[in-house]
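Notes follow the structure.
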Amino acid sequence: QVQLVESGGGLVQAGGSLRLSCAASGRAFGTYAMGWFRQAPGKEREFVSGINWSGGSTSYADSVKGRFTISRDNTKNTVDLQMSSLKPEDTAVYYCAARKYIVHQTASAYAYWGQGTQVTVSS
C-alpha cells in the first residue's frame with residue numbers, strides 16, 4: 001500500500017516555472033515506478049511523465065519534452081516534476097501515481113493515486 005500526496009501547484013504566468021512534488025508513504029517506495037498525469041476540464045487524464053523504480057529510466061509526453069523534468073529521491077520517498085516554459089495548455093489538475101517497477105503511459109495501469117494539485121497557467 002502506498003499513499004501519495006502532491007504539492008507545489010499554483011497560478012503562474014505563461015513562460016514561468018513550477019515544481020511539483022509527490023510525497024509517498026508506505027513500504028518499498030523504491031520498488032515503484034512513478035508517473036505524473038494531468039487532467040484538464042472536459043478531457044481525459046493523460047500521461048505527462050514517468051520514472052522507473054531506480055530512477056534510471058524516464059519518459060515524457062511529446063507535449064512536455066524539453067520543458068519538464070522528472071526526478072525521484074528514494075531516500076526521501078519523493079518524486080518531483082520540474083515544469084518550465086509553461087503554456088496555458090498545461091493548465092490542469094496534476095496527479096502523482098504509482099505502480100510496480102516499470103513506467104506505463106496508461107492511467108489504468110497505476111494502482112495508487114494522489115488527490116491532485118491544480119496548475120493554472122495564465123496567458
Side-chain angles (χ1 to χ4, degrees):
Q1 192 80 7
V2 177
Q3 293 81 43
L4 304 172
V5 178
E6 302 95 338
S7 62
L11 173 65
V12 64
Q13 288 188 334
S17 298
L18 279 176
R19 188 176 184 90
L20 304 183
S21 186
C22 175
S25 59
R27 301 179 65 178
F29 173 75
T31 66
Y32 287 88
M34 302 300 296
W36 283 98
F37 289 77
R38 66 188 182 187
Q39 189 165 19
K43 295 187 176 181
E44 292 188 355
R45 194 168 296 190
E46 65 174 358
F47 175 80
V48 175
S49 181
I51 188 166
N52 76 336
W53 64 276
S54 69
S57 177
T58 59
S59 57
Y60 298 91
D62 288 344
S63 59
V64 306
K65 278 181 183 176
R67 301 188 298 121
F68 291 11
T69 303
I70 191 170
S71 61
R72 69 185 295 160
D73 186 336
N74 286 350
T75 67
K76 297 180 179 179
N77 285 13
T78 58
V79 59
D80 291 346
L81 184 69
Q82 177 66 46
M83 307 186 296
S84 302
S85 301
L86 283 161
K87 304 175 181 180
E89 51 264 44
D90 294 318
T91 296
V93 177
Y94 283 70
Y95 297 90
C96 174
R99 70 184 304 272
K100 277 291 190 178
Y101 299 118
I102 305 300
V103 173
H104 200 290
Q105 297 195 7
T106 302
S108 60
Y110 289 76
Y112 305 103
W113 290 85
Q115 292 300 305
T117 186
Q118 176 71 47
V119 171
T120 303
V121 184
S122 63
S123 57

Report yes if some heavy atom in the side chain of Gln82 is under 4.5 Å from a heavy atom in the side chain of Ser49; otherwise report no. no
So which heavy atom on Gly114 is nearest to which on Tyr95, and how close? O-CD2, 3.6 Å
Quick test of your reading: applying disulfide bond (SG atoms under 2.5 Å apart), list the pairs with at least one residue in residues 46-92, sequence neighbours left out, ordered by first then second residue. none
Check: Ser122 main-chain N/O paired with Gln13 side-chain donor or acceptor under 3.5 Å: no
Any pair with a residue in residues 81-123 that passes disulfide bond (SG atoms under 2.5 Å apart), sequence neighbours left out, goes on the list, sorted by first then second residue, please. Cys22-Cys96
Taking all non-hydrogen atoms of both residues, which atom of Val103 and which atom of Arg99 are closest, and how far apart? C-NH1, 4.4 Å
Does Arg45 reach the main-chain N or O of Ser108 with its side chain, forming a donor-acceptor pair under 3.5 Å? no
Minimum heavy-atom separation for Ser123 and Ala14, please, with both atom names. CA-CB, 4.3 Å
Here the gap from Gln115 atom CD to Ser7 atom OG, rounded to the nearest 0.5 Å, amounts to 13.5 Å
Got a second to check how far Gln118's CD is from Leu11's CG, nearest 0.5 Å? 9.5 Å
Check whether any side-chain heavy atom of Ser63 lies under 4.5 Å from a side-chain heavy atom of Arg38, and answer yes or no. yes
Of all heavy-atom pairs linking Ala107 and Trp113, the shortest is O-CZ2, 3.3 Å
Which atom of Ser54 lies closest to which atom of Arg72, heavy atoms considered: C-CD, 4.4 Å
Side-chain heavy atoms under 4.5 Å apart, restricted to Ile/Leu/Val/Met/Phe/Trp/Tyr: what other residues fall into the cluster of Leu81, or is it alone? Val2, Leu4, Val12, Leu18, Leu20, Phe29, Tyr32, Met34, Trp36, Val48, Ile51, Tyr60, Val64, Phe68, Ile70, Val79, Met83, Leu86, Tyr94, Tyr112, Val119, Val121
What is the minimum heavy-atom distance between Ala92 and Ala40, and which atoms define it? CB-N, 3.9 Å
In this structure, are over 12 heavy atoms from other groups packed under 6.0 Å from Lys100 atom NZ? yes
Would you sort out whether Lys65 and Asp62 count as a salt bridge (charged side-chain N to carboxylate O under 4.0 Å, His left out), showing the intermediate values? CA-CA 5 Å; Lys65 278 181 183 176; Asp62 288 344; 3.2 Å; yes
Any donor-acceptor pair under 3.5 Å from Tyr110 side chain to Ala33 backbone: no
